[in-house]
Amino acid sequence: MRVAIVHDWFVTYAGSERVVEQLIALFPQADVFSLLDFLPASDRRMLAGKKVETSFLQRMPWAARKYSAYLPLMPLAIEQLNLSRYDMVISSSHCVAKGVVTGPDQLHISYVHTPMRYAWDAQHEYLSGTGLDRGLRGLYARWMLHKLRQWDVRTSHGVDSFVANSQFIARRIWKTYRRHARVIYPPVDTGAFSLGDRREEFYLTASRLVPYKKIEVLVEAFASMPNKRLVVIGDGPGWKGLRAKATSNVTLLGYQSTDALRDFMQRARAFLFASREDFGIVLVEAQAAGTPVIAFGQGGALETIRGLGAEKPTGVFFDEQTPAAVIEAVRTFEQNHDRIKPADCRENAMRFSIERFHHDFHEHAISQWEAFRSQTFRPRMPATLAPDAQIASPPYKPLRAA
């Protein structure tokens, strides 16, 4: 079986790239395609020595630093990738990768990290955050996003099987494309973490410093709790703004190595997260280190963290992305921290291991391939899943924090 793996772009080693890394491990014979490949040399080990076949965008001016400016050309570019020689195409998509062109005798499985949120439910937040909510440039941006939505829905018909990285994203897929999705959680290297043998009196957060991560909400909350310490790991365009808001009890460390981040996680009193994530690998990593999580109670966090209402809780949720809500959640955590056991946190994290991802995705891919080959005419893919397979079908749950 000839397999192609298609990813939107390779510019950094983040959550979606970790999925691609494990897809390559599952299908070592596969060829890899992408719009762009500017992955740093230090991260190229994830490709297992494979050369990435790229689109014409690779040769465009300033593509390495300004690739997002080429968003209007990305649908055209992804359609130009020639995948005609492959039997199975696996797309890893958070933008346009699912729009690759395949034929009637090719199986297309799309692992969706999210439908492109800036074209759908986060459109207005994206426009205002980039200053494109007014003027002629704003009018063009709205028209371009309108055309992207039309293209996005049309190309969903070319996908034979959708896989979502969480129930939350399965709901987005249903809302956007009216297609059911199998939920297969992303792989988390839980084996790289161990239970910390000592806990220190500081709270930790780690993230790319961009607006939607809401790190400023955490910094402002701790400005009102001067007797508690917050450590922030990460860099990005929001660094200067956070530095201006940070009080003496907030430490901004910037970028840290994986080993350093792991060390902080294993020593922190709790890990804080204020963003609405599609899944949130870092939340699972914290629990793998035995660290409780205090998180915004929407998105993938509801599937990876067990709240105080659970038999073996692993964290605390807050309902609003405001400093006041964070302060109340920290207070609630400190009143209940004896109920949250490090061993329970790690046990919960092990549900998302790399081995579990390998088993679930391989089972799904093979079952879909066998069903695909068994039909001479296949206008619609049957649901061929194991008896215990996790299917995201309405009504979806959980919808809110317990």
Side-chain angles (χ1 to χ4, degrees), residues 2-102 106 108-119 148 151-152 155 158-159 163 165 186-187 189 208 210 235-237 255 257-258 278-279 281 354 357 361 365:
R2 295 163 297 181
V3 179
I5 297 172
V6 186
H7 188 53
D8 288 300
W9 51 73
F10 292 106
V11 296
T12 187
Y13 181 64
S16 60
E17 286 73 30
R18 297 187 195 193
V19 171
V20 174
E21 180 180 27
Q22 297 308 322
L23 289 175
I24 292 173
L26 267 177
F27 301 95
Q29 81 281 14
D31 293 327
V32 181
F33 295 79
S34 182
L35 292 174
L36 305 144
D37 177 19
F38 295 107
L39 199 64
S42 58
D43 294 328
R44 299 199 71 81
R45 64 186 183 279
M46 64 152 291
L47 295 171
K50 293 184 179 294
K51 182 181 182 300
V52 179
E53 296 190 40
T54 57
S55 73
F56 65 82
L57 294 182
Q58 181 78 17
R59 301 179 296 277
M60 299 294 279
W62 308 292
R65 293 182 295 108
K66 302 289 186 180
Y67 62 92
S68 61
Y70 290 106
L71 178 61
L73 292 177
M74 288 181 181
L76 173 65
I78 204 71
E79 291 176 341
Q80 305 315 304
L81 297 178
N82 183 3
L83 305 175
S84 59
R85 63 184 183 274
Y86 298 97
D87 303 304
M88 179 188 294
V89 175
I90 303 172
S91 59
S92 162
S93 185
H94 54 77
C95 186
V96 298
K98 76 159 195 20
V100 292
V101 177
T102 55
Q106 294 174 287
H108 181 186
I109 299 174
S110 186
Y111 189 99
V112 176
H113 308 279
T114 179
M116 56 176 96
R117 61 172 67 87
Y118 33 84
L148 269 179
W151 177 88
D152 197 29
T155 56
V159 176
V163 178
N165 70 354
D189 190 5
R208 177 100 172 127
V210 292
D235 60 8
Y255 170 80
S257 67
T258 301
D278 304 327
F279 175 75
I281 286 178
I354 289 174
F357 175 83
F361 195 91

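When every heavy atom of Ile281 is checked against every heavy atom of Pro187, the shortest pair comes out as CD1-O, 4.2 Å. Between Trp151 and Pro75 the shortest heavy-atom distance is CE2-CB, 3.4 Å. Across every non-hydrogen atom of Val11 and Leu39, the tightest pair is C-CD1, 4.1 Å. Heavy atoms only, all atoms of each residue included: Gly99 and Thr155 are closest at CA-CB, 3.8 Å.
Side-chain atoms of Arg18 never come within 3.5 Å of backbone atoms of Pro186 as a donor-acceptor pair (strictly under, hydrogens ignored). A donor-acceptor pair under 3.5 Å is formed between the side chain of Glu17 and the backbone N or O of Ala14. Side-chain atoms of Asn82 come within 3.5 Å of backbone N or O of Ser84 as a donor-acceptor pair. Here the side chain of Glu79 pairs no donor or acceptor atom with the backbone of Val101 at under 3.5 angstrom. With hydrogens and angles ignored, the 3.5 Å screen pairs a side-chain donor or acceptor of Asp8 with a backbone N or O of Val96. Without hydrogens or angle criteria, Ser110 side chain to Val112 main chain gives no donor-acceptor distance under 3.5 Å. Between the side chain of Gln29 and the backbone N or O of Val3 there is no donor-acceptor pair closer than 3.5 Å.
Residues Gln58 and Phe38 meet the side-chain proximity criterion, which asks for heavy atoms closer than 4.5 Å. Residues Tyr86 and Asp31 are in side-chain contact: their nearest non-hydrogen atoms beyond the backbone lie under 4.5 Å apart. Taking 4.5 Å as the limit, every side-chain heavy atom of Ile78 sits out of range of all side-chain heavy atoms of Ser55. With a 4.5 Å cut-off on side-chain heavy atoms, Lys51 and Val32 do not count as touching. For the pair Leu81/Glu53, no side-chain contact is recorded, criterion being any heavy-atom separation below 4.5 Å from C-beta on. At a threshold of 4.5 Å between non-hydrogen side-chain atoms, the residues His94 and Asp278 do not count as touching. Considering only heavy atoms from C-beta on, Phe10 stays 4.5 Å or farther from Asp43 through its side chain. Side-chain contact between Phe27 and Phe361 is present, with heavy atoms from C-beta onward closer than 4.5 Å.
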Evaluate side-chain contact (heavy atoms from CB on, under 4.5 Å) for Tyr70 paired with Leu36, printing each intermediate quantity in order.
CA-CA 11 Å; Tyr70 290 106; Leu36 305 144; over 6 Å; no
Determine whether Met74 and Leu35 satisfy the following criterion, side-chain contact (heavy atoms from CB on, under 4.5 Å), listing intermediate values before the conclusion.
CA-CA 8 Å; Met74 288 181 181; Leu35 292 174; 3.7 Å; yes
Step by step, work out the side-chain contact (heavy atoms from CB on, under 4.5 Å) result for Thr12 and Arg208.
CA-CA 12 Å; Thr12 187; Arg208 177 100 172 127; over 6 Å; no
Evaluate the criterion side-chain hydrogen bond (donor to acceptor under 3.5 Å, both in side chains) for residue pair His7 and Ser34; output intermediate values, then yes/no.
CA-CA 5 Å; His7 188 53; Ser34 182; over 6 Å; no
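To the nearest 0.5 Å, atom CE of residue Met88 and atom CD1 of residue Ile5 are 10.5 Å apart. The structure places OG of Ser91 at 13.0 Å from CZ of Phe33, a figure rounded to the nearest 0.5 Å. Put simply, OG1 on Thr102 and CG on Leu83 are 8.0 Å apart, with the number rounded to the nearest 0.5 Å. Atom CD1 of Ile354 is separated from atom CZ of Phe357 by 9.5 Å, given to the nearest 0.5 angstrom. Remark: Thr258 OG1 to Asp189 CG distance equals 10.0 Å, nearest 0.5 Å.
A salt bridge links Lys98 with Asp152; the closest basic N to acidic carboxylate O contact falls under 4.0 Å. Salt bridge status for Lys50 with Asp37: absent, with no side-chain N to carboxylate O gap under 4.0 Å.
The side chain to side chain donor-acceptor pair (under 3.5 Å) with His113 is formed by just one residue from the set Ser92, Ser16, Ser93; it is Ser92.
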